[in-house]
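What follows is a short report on a single structure.
Just so you know, these numbers use all the heavy atoms, side chains as well, and skip hydrogens, waters and symmetry mates. Ligands are counted one by one from 1 in listed order, and the atoms in each one are counted from 1 as well. Just so you know, these numbers come straight off a predicted model, no measurement behind them.
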Amino acid sequence: MPVSQRIGTNALINMLGDWSLGRGVPLHTKLAEAMLDAIESGVLPAAATLPAERALARSLSVSRSTVTAAMNDLKSRGVLESRQGSGTRVVGSSPAQDPGATVLPGILGRGSVPVGAIDLAASVPADARALPQVEVDLAALLRAGPRHGYTPAGLPALRLAVAERLALGGLPTELENVLITNGAQHGLALALNMLTNRGDSVLVDEPTYPGIFDLLSARGLKPIPLPRTGGGIDTAELRRLVNEYDLSLAYLQTSVHNPTGFSMDDWQLRSLAKVCDELNLTVLEDLVLADLRYDGSRPTPLAGRVNHASILAIGSLSKLGWGGLRIGWLRAPHSLLERLIRARLSDDLGSSIPSQVIAAGVLASFDQVAKVRQETLLCRATTTSEYLARELPEWGLTIPLGGLSMWIELPGPYAEPLAQVAARHGVTIATGASASVASEADHFIRLCFDRPETQLMEGLDRLVQAWRAVC
Ligand SMILES: Cc1ncc(COP(=O)(O)O)c(C=O)c1O
């Protein structure tokens, strides 16, 4: 969007979008965050001069002190500066956007994000804003657990909080079944290390979470794709593949599914549990997105439905809260958990105590955090699908039931060219091939909409331009 150097009040108000929505945050903070989003997304460019505070306050129908507080906040972060006689200017984006921080490999989009581009590829929360306020001072650290700070199985209080959360979700769990990990990726790595040998094959739902491919290939393991059918899994096909390849291990997302956003219902989970029991299949059940169904429902996971199949359930706070916490968990039967803890001990001696303290704080306000996340994500999913349906009716869209992303079918094998042209237009997307080994993967893209609204809209606008250029 071309923006003149001196920004008028109306132009700025358009750039800020619905900045005042939401409860529980002071108005000046919301205004500062909306301005920061506009600056970070490039909508409000560096060197632009802002309107006078008084005029802005009048047009926004807020007090002048609200505008002053927001501006002061951004000045203290080095994003705005005031010069005598020439008003307030945009200096640039916040330090979190420095070029070093924008090179994101692997699961975060399979490539690098060009400096200044809007990242709609990485299916992760944009920042830490979903976290509740949790004090982590020295006293909290001294209170938290062993004074030396090494907790190979995790802080007991956090293990208990996770166990209680899982039990509330229909999966009776004791503290002794829970291992705190450095995110779900770490939990998956520990489980694969324990359960596989180089050269083994592992059943993987298809399409799937891209990070599983990194984990499998690093261990010399072969993925055997099990196509998803609508929201669920074709159990007859599962049985066939297990028998044909003599498989004993599967990685399955049974709750909200990355990348499609579908979720299995009770009936599908029940028949899956039955087949897992029959085949005595061990399953790594990925529940990372389980709390992000927009309707707030949580069907009982597979681990709570099987009789004797061994299920290792894996969760994390990365999508509910923030990936930077690096806190996840593994729920496993006692015997397996003991072995996992020993393996973990040799790995890294335990997760960070400050992160575990914050994680316990997130779980203490779980209901509120989850509700706000579900509402926000539904709102972003709706905005994204409405915008794309209007601008690009030829794209195949389905509104997800939950999660951070949308799996979009293009009218041909254009994912790769679109991703390349989109990057040149200043927006990144994930190609279907990053989440799938199927040959039709190049008809699909994954788009993450978990971004502040101004950034998302600018990103979508750039994507539409990129598609028109490709066409
Ligand atoms: C389905 C799924 N599983 C696991 C992970 C890894 O999560 P974490 O950041 O907790 O390691 C992700 C992150 O994108 C994911 O989407």
Query - Geometric N/O contact G323 with ligand 1, under 3.5 angstrom - result: no
Requested in this report: Mark the output for D286 as yes if a heavy-atom distance to ligand 1 is under 4.0 Å, and as no if none is.
Outcome: yes
Query - SB check R373 D450 (cutoff 4.0 Å) - result: yes
**Report entry** Electrostatic pair R331:E285 at N-O distance under 4.0 angstrom
**Finding:** no
Query raised in the report: To which of R326, Q253, K319 does the heavy atom nearest atom 16 (O) of ligand 1 belong?
Result: K319
Requested in this report: Would you mind telling me if ligand 1 is within reach of the side chain of S316, the backbone, both or neither, using heavy atoms under 4.0 Å?
Outcome: side chain
Under 4.0 Å from a heavy atom of [X]: which atoms of ligand 1 are those, numbered in the order shown and with their elements?
X    : answer
S318 : 8 (P), 9 (O), 10 (O)
V288 : 2 (C), 3 (N), 4 (C)
G183 : 10 (O), 11 (O)

Let me have the donor-acceptor pairs involving side chains of residues 199-207, under 3.5 Å, with sequence neighbours excluded, atom names and distances please.
unit_1 : atom_1 : unit_2 : atom_2 : d
D200   : OD2    : N197   : N      : 2.8
D205   : OD1    : T208   : OG1    : 2.9
D205   : OD2    : R228   : NH1    : 2.8
D205   : OD2    : Q253   : N      : 3.1
E206   : OE1    : V437   : N      : 3.2
E206   : OE2    : S436   : OG     : 2.4

Would you list the atom pairs, donor with acceptor, under 3.5 Å between side chains in residues 415-422 and any protein atom, with sequence neighbours excluded?
unit_1 : atom_1 : unit_2 : atom_2 : d
E416   : OE2    : Q420   : NE2    : 3.4

Requested in this report: Answer yes if the side chains of D442 and Y414 hold a donor-acceptor pair under 3.5 Å, and no otherwise.
Outcome: no
**Report entry** Ring geometry between W395 and W467 (parallel below 30°, tilted from 30 to 60°, perpendicular above 60°)
**Finding:** perpendicular
